[in-house]
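One structure is given below, encoded as structure tokens.
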Amino acid sequence: MKTLVLVSAISLVCSQAFGFSFSEAVKKIESHEAVLSISELGMALNEKGAVDGSWGDPMLKLAAKNFPKDSLKDNETPMTGIELGISQKIALTTKYGNKRNAYESLGQAKLHEAQDKKRSLLVALWKTVVQQKRLGEEIQIYKENLQWVSKILKVSKKLYSNGKISQQALLEIQIRKSEVEAGISNKEFELKESQARLGYLLDLEGTLDLDSVPWGIGSARSKEKLDIKELSLKSRLKASEHMLTAAKQSYIPDMTFSLGYTKRSNIDNRGDFLSAAVVFPLPVSGKKYAGHSKAVHERAAAESGLRNYRRKRNSEEKVFEHKISRIQSELNILNKRTIKFAENSRKVTSKSYGYGRSSYVELLLSELKLQSLLLKRSKLSSELIKYKIEMKYLIGEKLYE
């Protein structure tokens with residue numbers, strides 16, 4: 001028993017220490033409250049279709065008819081009796097079926113919105129993960145730079161003791177070391193803030209294991225594309241078409257048919273009475289005409305919205321392609337030439353400074369230049385991944401295998 005408890009405790013500590021994987025984070029997003037709430041609205045719209053698509057309940061009528069006001073007896077007049085009646089509204093068109101279909105299409109549009117919300121949350125997860133990767137790289141850049149500055153500071157103290165540099169030069173390098181240390185501290189706090197933002201998305205304890213992230217998915221192009229936003233707009237257009245058909249059919253009024261049976265005292269030997277009635281509303285008000293006009297405008301708006309979305313999507317896809325190409329080109333130049341030149345420049349300046357032939361200003365400038373370029377490369381690499389993920393989201397490609 002003690003062994004079992006110990007193993008459980010060790011497992012708990014290990015899970016808290018190593019955190020969770022990217023696939024676990026994706027599963028959490030699938031059950032996110034924001035996704036579930038939209039799904040529930042979709043189901044509610046389906047049920048509303050069942051309500052508005054119904055003819056309504058039959059009406060039962062029980063009436064006391066023609067009782068004398070003075071005696072209230074049922075055997076003084078031949079018209080006195082108790083009537084039992086039933087009536088039902090009957091549609092002469094498929095108007096209510098079209099209304100039901102319209103709300104079902106709206107419900108389907110909401111369910112598509114729920115799927116799109118899940119994808120947008122997954123994009124937010126990717127952006128946070130990419131930010132954490134960038135911050136980790138920046139922290140490493142600062143730490144490596146701190147090691148270099150610490151070595152230079154030792155050299156500077158020797159040069160200062162030999163009278164080869166001024167106290168101002170020594171102070172400037174010490175200040176630079178403090179700036180690098182502050183940079184590390186700031187980036188570490190930014191990383192903690194980024195991890196805290198994952199709380200809304202995932203509601204998981206611990207930290208995300210960056211090694212579990214499928215970084216290559218941004219570069220992999222998928223043959224399967226499913227634009228959820230377009231499907232949602234198509235469903236809304238379909239709903240507006242059903243509503244327009246129902247509005248046209250509303251010009252034909254519903255019929256209310258009723259049957260009645262009146263129980264009498266039979267003082268005239270005519271027995272009980274039967275009755276039947278058919279009721280039609282007169283379509284003289286502007287309600288039906290306004291409803292039809294409203295449905296026409298709503299369908300036109302849905303068509304325009306779908307066309308506008310497709311045009312905007314195609315335009316944004318081209319913009320992303322240009323952005324990705326620009327960053328790839330800039331990264332290629334940075335990796336092949338610029339950073340190598342800056343590394344050689346700092347190395348040469350460091351040696352020259354050690355011999356007293358370069359000033360501390362030249363030394364710090366070469367160090368700052370290299371650090372700036374390394375940070376720029378990290379930033380561009382992060383932007384490249386984000387743009388690729390955003391473009392996959394835009395055109396409906398998978399965001400996670």
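Note that the coordinates shown come from a computational prediction; the quantities given were computed from them, not determined experimentally. Note that the numbering runs from 1 along the sequence shown for the chain.
Gln140 and Glu144 are linked by a side-chain donor-acceptor pair at a separation below 3.5 angstrom, with hydrogens and angles left out of the test. Between Gln88 and Thr256, the side chains place no donor N or O within less than 3.5 Å of an acceptor N or O (distance only, hydrogens not considered). Side-chain contact, Tyr393 with Asp116: a donor N or O sits under 3.5 Å from an acceptor N or O. Using modelled atom types, one finds a donor on one side chain and an acceptor on the other under 3.5 Å when comparing Glu76 with Ser71. No donor-acceptor contact under 3.5 angstrom links the side chains of Glu298 and Ser240, judged on distance only. In the model, Gln371 has a side-chain atom that pairs as donor or acceptor with a side-chain atom of Asn145 under 3.5 Å.
Remark: the backbone N or O of Lys158 is paired with a side-chain donor or acceptor of Ser161 at under 3.5 angstrom. Checked by atom type and distance alone, the side chain of Trp126 pairs as donor or acceptor with a backbone atom of Leu399 at under 3.5 Å. Although no hydrogens or angles enter the test, the distance criterion places no donor-acceptor pair under 3.5 Å between the side chain of Glu230 and the main chain of Asp227. Of the possible polar contacts, one joining the Arg264 side chain to the Gly271 backbone as a donor-acceptor pair under 3.5 Å is found. A donor-acceptor contact shorter than 3.5 Å links the side chain of Ser178 to the backbone of Gln174. Remark: side-chain polar atoms of Thr349 are paired, donor with acceptor, to backbone N or O of Ser345 under 3.5 angstrom. Judged purely by atom type and a 3.5 angstrom limit, Asp52 has no side-chain atom pairing as donor or acceptor with the backbone of Lys99.
Using a 4.5 Å heavy-atom cutoff, the side chains of Ser150 and Lys177 are in contact.
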**Request:** Test Leu384 against Leu380 for side-chain contact (heavy atoms from CB on, under 4.5 Å), laying out the working first.
**Result:** CA-CA 6 Å; Leu384 180 62; Leu380 288 174; over 6 Å; no

**Request:** Could you walk me through whether His297 and Ser293 pass side-chain contact (heavy atoms from CB on, under 4.5 Å), step by step?
**Result:** CA-CA 6 Å; His297 291 306; Ser293 179; 3.6 Å; yes

**Asked** Passes salt bridge (charged side-chain N to carboxylate O under 4.0 Å, His left out), Lys263 versus Asp272? Steps please.
**Response** CA-CA 5 Å; Lys263 179 67 175 175; Asp272 297 336; 3.7 Å; yes

**Asked** Where do Thr80 and Lys65 land on the side-chain contact (heavy atoms from CB on, under 4.5 Å) test, with the steps shown first?
**Response** CA-CA 5 Å; Thr80 302; Lys65 302 179 64 176; over 6 Å; no

**Request:** Using the ring-ring contact (aromatic ring centres under 6.0 Å, His included) rule, take Phe273 and Tyr261 through it: C-alpha gap first, then chi angles, then the decisive distance, then the call.
**Result:** CA-CA 6 Å; Phe273 286 172; Tyr261 179 87; 9.8 Å; no

**Message:** For Val279 and Phe257: C-alpha separation, side-chain torsions, deciding distance, then whether side-chain contact (heavy atoms from CB on, under 4.5 Å) applies.
**Reply:** CA-CA 6 Å; Val279 179; Phe257 179 73; over 6 Å; no

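Here Leu208 contributes atom CG and Phe20 contributes atom CZ; the two are 5.0 Å apart, rounded to the nearest 0.5 Å. Between atom NZ of residue Lys369 and atom CD of residue Glu367 there is a gap of 13.0 Å, rounded to the nearest 0.5 Å. Rounded to the nearest 0.5 Å, atoms CG (Asn101) and NE2 (His242) are 4.5 Å apart. In this structure, Ile141 CD1 and Leu146 CG are separated by 13.5 Å, a value rounded to the nearest 0.5 Å. In this structure, the separation between NZ on Lys89 and OG on Ser258 is 14.5 Å, given to the nearest 0.5 Å. Taken to the nearest 0.5 Å, the CG atom of Leu106 stands 9.5 Å off from the CD atom of Glu113.
Under the 6.0 Å cut-off for aromatic ring centres, Tyr289 and Tyr251 qualify, their centroids lying closer than that.
Contacts of Tyr360 classified as ring pair (Phe, Tyr, Trp, His ring centres under 6.0 Å), with partners at least two apart in sequence or in another chain: none. Taking the salt bridge (charged side-chain N to carboxylate O under 4.0 Å, His left out) definition, one finds that Lys164 meets it with nothing, sequence neighbours left out.
Atom CZ of Arg337 is surrounded by 12 or fewer heavy atoms from other residues, nucleotides or ligands within 6.0 Å. For Asn332, the CG atom counts as densely surrounded, since its 6.0 Å shell holds more than 12 non-hydrogen atoms of other residues, nucleotides or ligands. Around the CE atom of Met255, the shell of radius 6.0 Å holds more than 12 heavy atoms that belong to other residues, nucleotides or ligands. Other residues, nucleotides and ligands contribute more than 12 heavy atoms inside 6.0 Å of the NZ atom of Lys187. By the 6.0 Å contact criterion, NZ on Lys95 is enclosed, its count of non-hydrogen atoms from other residues, nucleotides or ligands being greater than 12.
Remark: Lys192 is positioned above the aromatic ring of Phe189, its terminal NZ or CZ atom under 6.0 angstrom from the ring centre and at most 45 degrees off the axis. Geometric assessment of Lys133 against the ring of Trp215 yields a positive cation-pi assignment under the 6.0 Å and 45° thresholds.
Just one residue in the list Ser359, Ser156, Ser358 forms a side chain to side chain donor-acceptor pair (under 3.5 Å) with Tyr353, and that residue is Ser156.
Counting only residues at least two apart or on different chains, no side-chain hydrogen bond (donor to acceptor under 3.5 Å, both in side chains) pair has a member in residues 25-43.
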